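Heads up: the structure comes next, in structure tokens.
Below, all heavy atoms of this structure are taken into account, side chains as well, without hydrogens, waters or symmetry copies. All values derive from a computational prediction rather than experimental measurement. By convention here, the first residue in the shown sequence is residue 1.
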Amino acid sequence: MVGAGPAGLAGAVAASGLGLSVTLLDGADRPGGQFHRHPDPALGAARPEALHHDWDVFTSLRRRLASGTVHSLTGHHVWTVVRDGDLWAVHAVTGADGDGDRPVCVRARAVLFATGAHERHLPFPGWTLPGVVAAGGAQAMLKSGLVLPGRRVVVAGSGPLLLAVASALAAAGARVPAVVEASAYGAYARAPRALLAAPHKLVEGAAHGAALLRHRVPLRTRSAVTRAHGTDRVEAVTVSRLDRDWRPVPGTGRRVACDALAVGHGLVPQVELALGLGCATRRTPDGTNALVLDGLQTTSVPGVFAAGETGGVGGAQLAYAEGELAGIAAAAHLLGRSALLRTARVRELRRRRDRLRAFADAMARAHAPGPGWTRWLDDGTDVCRCEEVTAGRVREAVADHGARDARTVKLLTRAGMGWCQGRVCGTAVACLAAAAPGPRQPPSQERRPLAAPVPLGVLAALDTEEPGTRDLAPPPATADRPADATATASTTKTADDTATATQPAIATEPDDGTETGDGTTTPEHPTTPTVTTTNAQAGSPPDEK
């Protein structure tokens, strides 16, 4: 399993409970993903659940994870997954920033991607000032650090995350002068069936709205922050009315004082690892790329499953349902037990998934960015912060040098070649390139050979694959080890040549070993099928270079 957020946890618990040997990888030091961030124990938070939804579901899964047989590898940043014969090889680096000295390779018969999403950013003049943070970043500061980005915080952008962030900040003591939403909530009325099929979403939205009323936070729809002002840090923002295409209406700008701005325009599925395997994608209603999945969460590549935001942003409850369904589907696939897919539980999960996915599509349509937002960019606004590429340089590449897509702009200006590898600037560059006259080019896929920063020493060591190699397929039965016995613990070899015990593999039925090209034996039909879930930490930037 790649990713220990809601989808990865649900998938790991479900697959393990059906007899699979499961390894769960995540870049963070504790499970929960971006949604269930934990305060550091040293902070002594008395009630961390006060900042979370569905905390009881998370704690239940965490207990089952700890009491089961899932081998959890936290602090492991997965940077690529490749086919290795009949297995998948999942490569990861360790350490808080992937700078540890223990590269790891986990091999398994199936992979489940639960890699989550990252925020979509639409730049504006002044967005590089200190005090301007992502909306999800402000929420993360509050959940994990119990700190506020400022005392007077404007929350702006588009999407339901804004309401959650604003209500949490206000409850924590911040003054929120306004929530600035670029879309209009009336767009939800165009999908009445999706709303009626997800009544808990309406209840959740009403709760956030009540919290804003209680704290006297005004909500401004069809509006956007079009400029941030300040010298050493943000001191005020200009809020402008927008037309239906998100173009600023002249003469409507109003200055709002603040010492922090939390801004975000939705989420983008994190699918780089799956794209590297050739998994097919679809265009979502809000213009992002998500994986194409069938009714059982299977991608277009056999043996590769996905759940949660990778199939389209839909929230934690959808991720829990899809994760459990994917775990069951992986077990049925590897164990050859199709009856697992005909249970009442699977039928209920599929119904729940379909209802929540319909709501997610309606939400994406309601908050899809309009094409006119680029009108609030002046030529001096940095679009690519890493490489300091301005909107003017991007427009020059389009108008004077014939760039028609983000990749060509990247080659001409270096926009997207920095540390974030286009995660922050990619949407803006693509939108500016789409403004070129003539036929529009489809947005380029987020194909990157490396999904996380990787030291050159790790790449150089791939030929030997000695450090940290783990093979999850159990060894074949021998006269000294009956097939129904517990196999000896496999080991993970570290850089200092010491060996540490890892999760034992359990053999449940006899198998015949087949010899591989390197002289080792692997089971032709492994007795304990394995599913590997890996999740690169959402927000850890990939490095194509």
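Counting heavy-atom neighbours within 6.0 Å of Arg30 CZ, excluding the residue itself, gives a total above 12.
The two residues Ala28 and Thr74 come nearest to each other via the heavy atoms O-CB, 3.2 Å. The heavy-atom pair separating Asp26 from Ala4 by the smallest distance is OD2-N, 2.8 Å. Scanning all heavy atoms of the two residues, the minimum distance from Val398 to Arg404 falls at O-NH1, 3.4 Å. When every heavy atom of Leu162 is checked against every heavy atom of Ala156, the shortest pair comes out as CD2-O, 3.3 Å. The two residues Leu112 and Gly327 make their nearest non-hydrogen contact at CD1-N, 4.0 Å. In this structure, Gly311 and Leu293 approach most closely via the heavy-atom pair CA-CD1, 4.0 Å.
Under the rule for a side-chain hydrogen bond (donor to acceptor under 3.5 Å, both in side chains), Arg352 has no partner lying at least two apart in sequence or in another chain. Shown here are the side chain to side chain contact (heavy atoms under 4.5 Å, CB included) partners of Asp245, two or more places apart in sequence or in another chain: Asp243, Arg247, Pro371. In this view, Arg193 satisfies the side chain to side chain contact (heavy atoms under 4.5 Å, CB included) rule with no residue, not counting sequence neighbours. Here Gln317 pairs with His200 under the side-chain hydrogen bond (donor to acceptor under 3.5 Å, both in side chains) rule; sequence neighbours left out. Contacts of Glu181 classified as salt bridge (Lys or Arg N to Asp or Glu O under 4.0 Å), with partners at least two apart in sequence or in another chain: none. Under the salt bridge (Lys or Arg N to Asp or Glu O under 4.0 Å) criterion, Arg83 pairs with no residue at all, not counting sequence neighbours. The salt bridge (Lys or Arg N to Asp or Glu O under 4.0 Å) test applied to Arg190 returns no partner, not counting sequence neighbours. Legend: residues meeting salt bridge (Lys or Arg N to Asp or Glu O under 4.0 Å) with Arg355, ordered by chain and number and at least two apart, are absent. When the side-chain hydrogen bond (donor to acceptor under 3.5 Å, both in side chains) test is applied to Glu396, no partner is found at least two apart in sequence or on another chain. Take Trp246 and apply the ring-ring contact (aromatic ring centres under 6.0 Å, His included) test, not counting sequence neighbours, and it matches no residue.
Donor-acceptor pairing under 3.5 Å is lacking for the side chains of Thr310 and Thr115. Using modelled atom types, one finds a donor on one side chain and an acceptor on the other under 3.5 Å when comparing Asn289 with Arg283.
Rounded to the nearest 0.5 angstrom, Leu122 CG and Cys425 SG are separated by 12.0 Å. For the atom pair Leu411 CG and Asp405 CG, the distance stands at 8.5 Å (nearest 0.5 Å). Considering CG of Leu450 and CD of Gln421, their distance stands at 8.5 Å, rounded to 0.5 Å. The CZ atom of Arg62 sits 12.0 Å away from the OG atom of Ser72 when rounded to the nearest 0.5 Å. Note: Leu202 CG to Leu196 CG = 7.5 Å, rounded to the nearest 0.5 Å. Here the NE2-OG1 distance, from His71 to Thr23, works out to 5.5 Å after rounding to the nearest 0.5 Å.
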Legend entry - Steps toward side chain to side chain contact (heavy atoms under 4.5 Å, CB included) verdict (Val82, His91): CA-CA 8 Å; Val82 296; His91 293 276; 4.1 Å; yes
Inset, instruction - Assess whether side chain to side chain contact (heavy atoms under 4.5 Å, CB included) is satisfied between Phe305 and His333, documenting all intermediate values. - result: CA-CA 11 Å; Phe305 302 82; His333 169 71; 4.0 Å; yes
Inset, instruction - In sequence, state the C-alpha distance, the side-chain angles, and the governing distance for Val90 and Cys105, and then conclude on side chain to side chain contact (heavy atoms under 4.5 Å, CB included). - result: CA-CA 5 Å; Val90 181; Cys105 177; over 6 Å; no
Inset, instruction - Show the numbers, then the answer: is there a side chain to side chain contact (heavy atoms under 4.5 Å, CB included) between Leu325 and Arg350? - result: CA-CA 8 Å; Leu325 182 59; Arg350 294 186 69 169; 3.9 Å; yes
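Between Asp382 and Pro123, the closest side-chain pair of non-hydrogen atoms is not below 4.5 Å. Counting heavy atoms from C-beta outward, Ile328 and Leu296 have side chains that stay 4.5 Å or more apart. With contacts defined as side-chain heavy-atom distances shorter than 4.5 Å, the pair Pro455/Val458 qualifies. Residues Met417 and Lys410 meet the side-chain proximity criterion, which asks for heavy atoms closer than 4.5 Å. Leu9 is listed as a side-chain neighbour of Pro31, based on a closest heavy-atom distance under 4.5 Å. Between Thr408 and His401, every side-chain heavy-atom pair lies at or beyond the 4.5 Å cut-off. The side-chain heavy atoms of Val78 and Leu273, taken from C-beta on, include a pair separated by under 4.5 Å. Here the side chains of Arg120 and Thr288 are in contact, with some heavy-atom distance below 4.5 Å.
Under the 3.5 Å distance criterion, the side-chain polar atoms of Arg353 are matched with a main-chain donor or acceptor of Gly295. At least one donor-acceptor pair closer than 3.5 Å links the side chain of Ser183 to the backbone N or O of Ala366. Formation of a donor-acceptor pair under 3.5 Å by the Thr281 side chain with backbone atoms of Leu291 is not found in this model. At distances below 3.5 Å, at least one donor-acceptor pair connects side-chain atoms of Glu119 with backbone N or O atoms of Gly136. A side-chain donor-acceptor contact under 3.5 Å links Thr299 to the backbone of Val304. Looking only at distances, no side-chain donor or acceptor of Asp286 sits under 3.5 Å from a matching main-chain atom of Ala368.
Residue pairs satisfying the ring-ring contact (aromatic ring centres under 6.0 Å, His included) criterion with at least one member in residues 348-369, sequence neighbours excluded, are listed as follows: Tyr185-His367, Tyr188-His367. Sorted by first and then second residue, the salt bridge (Lys or Arg N to Asp or Glu O under 4.0 Å) pairs with a member in residues 313-336 read Glu322-Arg357, Glu324-Arg345; sequence neighbours excluded.
Ion pair Asp84/Arg107 flagged as a salt bridge, since at least one NZ, NE, NH1 or NH2 atom sits closer than 4.0 Å to an Asp/Glu carboxylate oxygen. Using a cut-off of 4.0 Å between Lys/Arg side-chain N and Asp/Glu carboxylate O, Arg393 and Glu387 are scored as not salt-bridged.
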